[in-house]
Amino acid sequence: MSKVLKKDFFIGSTEEITQRLLGKLLCRSIGTRIWKGKIVEAESYLGEKDLAAHASHGRTKRTETMYGPPGHAYVYLIYGMYNCLNVVTQEEGTAEAVLIRALEPIVLDGEKIVPDQDAYEGRSIEKILNGPGKLCREFQIDKSLNGATFSRKNGLWLEEYEDIPPERIVRAKRIGVEYAKQWKDKPLRFYIKDSSFVSKKNI
DNA sequence: GGCTCGATCTTG
DNA sequence: AAGATCGAGCCC
């Protein structure tokens with residue numbers, strides 16, 4: 001039986017939670033359609049001190065949800081055309097979050113729930129959900145979900161699936177934050193070793 | 001009000 | 001290597 005991740009899951013440091021999220025399922029429903037994917041890659045963003053984080057500019061309208069309680073979705077628009085999904089961590093007043101970077105499409109009950117096979121004819125299955133913008137596009141996640149609690153009733157939730165032991169987790173620098181000075185090379189990106197579904201490898 | 005640039009992805 | 005495309009953040 002599927003078990004939805006609840007409040008207690010979000011207790012701990014953001015780096016711990018980022019690693020704990022690997023192997024869990026990101027789930028999305030709209031009407032009768034359901035998408036599910038296993039989280040294989042994620043990054044930590046560590047609040048105001050982190051020069052790569054949006055919160056480094058302080059509390060603003062955009063970053064407001066990251067300052068709120070944990071277990072909520074922070075969704076923002078990037079490059080005018082893509083959305084990115086984050087899991088907010090830490091108590092109110094602290095703006096930390098986990099960027100979900102890549103998912104592995106999964107099969108449940110013998111039925112391929114995600115992705116819609118017909119729509120991806122001829123495309124490599126490894127490359128359907130291997131990027132923060134791509135997974136939001138495929139799961140129809142946009143700013144209307146910003147601030148939503150991860151829960152079934154909101155059509156966006158997280159489920160137990162696998163626990164990934166530390167030796168199966170690779171730690172690397174984050175992607176696309178070259179401007180972040182002393183923070184740009186910090187090893188805050190985590191992905192499942194040997195997964196062919198991550199966005200970029202060995203960086 | 002205007003300018004710059006980004007936690008991206010696709011095509012060439 | 002460059003273009004798509006737009007809002008946040010910042011400086012007038």
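Just so it is clear, the model here is predicted, and its values are computed rather than measured. A note on names: the letters A, B, ... follow the listed sequences, proteins ahead of strands, and every chain is numbered from 1.
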Per-residue pairing states of DNA chain B in dot-bracket (Watson-Crick or G-U under 3.5 Å; . unpaired, | other strand) read ||||||.||||.
Please report the distance, rounded to the nearest Å, between CG in D142(A) and P in dC6(C).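 Distance check: D142(A) CG to dC6(C) P gives 14 Å.
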For the pair Q140(A) (side chain) and C136(A) (backbone), establish whether a donor and an acceptor sit closer than 3.5 Å, ignoring hydrogens and angles.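 Pair absent, no side-chain N/O of Q140(A) close to backbone of C136(A).
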Backbone of S151(A) reached by a side-chain donor or acceptor of T149(A) within 3.5 Å: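 Flag not set: sc T149(A) to bb S151(A) has no pair under 3.5 Å.
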Identify, with sequence neighbours excluded, every residue that meets side chain to side chain donor-acceptor pair (under 3.5 Å) alongside E64(A).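 Here the qualifying residues are R59(A).
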Could you tell me if R20(A) sits above the aromatic ring of F9(A), with its cationic atom closer than 6.0 Å to the ring centre and no more than 45 degrees from the axis?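 Yes, cation above the ring, under 6.0 Å and within 45°.
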Check every strand shown and say whether K143(A) touches a base, only sugar-phosphate, or nothing at a heavy-atom separation below 4.0 Å. sugar-phosphate
Side chains of E126(A) and E104(A), heavy atoms from C-beta outward: is any pair under 4.5 Å?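 The answer is no, as the side chains (C-beta and beyond) never meet within the 4.5 Å cut-off.
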Would you say Y191(A) and S199(A) make side-chain contact, with heavy atoms under 4.5 Å? no
So, Y76(A) versus H54(A), ring centres under 6.0 angstrom or not?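 Aromatic pair counts; centres sit under 6.0 Å.
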Between the CH2 atom in W183(A) and the OG atom in S56(A), the distance rounded to the nearest 0.5 Å is 10.5 Å
Reading nucleotides 3-12 of chain B 5' to 3', which nucleotides get B (base under 4.0 Å from a protein heavy atom), which S (sugar-phosphate only), which -? ---BBBSS--
Is the shortest side-chain N/O distance from T60(A) to OP1 or OP2 of dG9(C) below 4.0 Å?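 For T60(A), the contact criterion (side-chain N or O under 4.0 Å from OP1 or OP2 of dG9(C)) is met.
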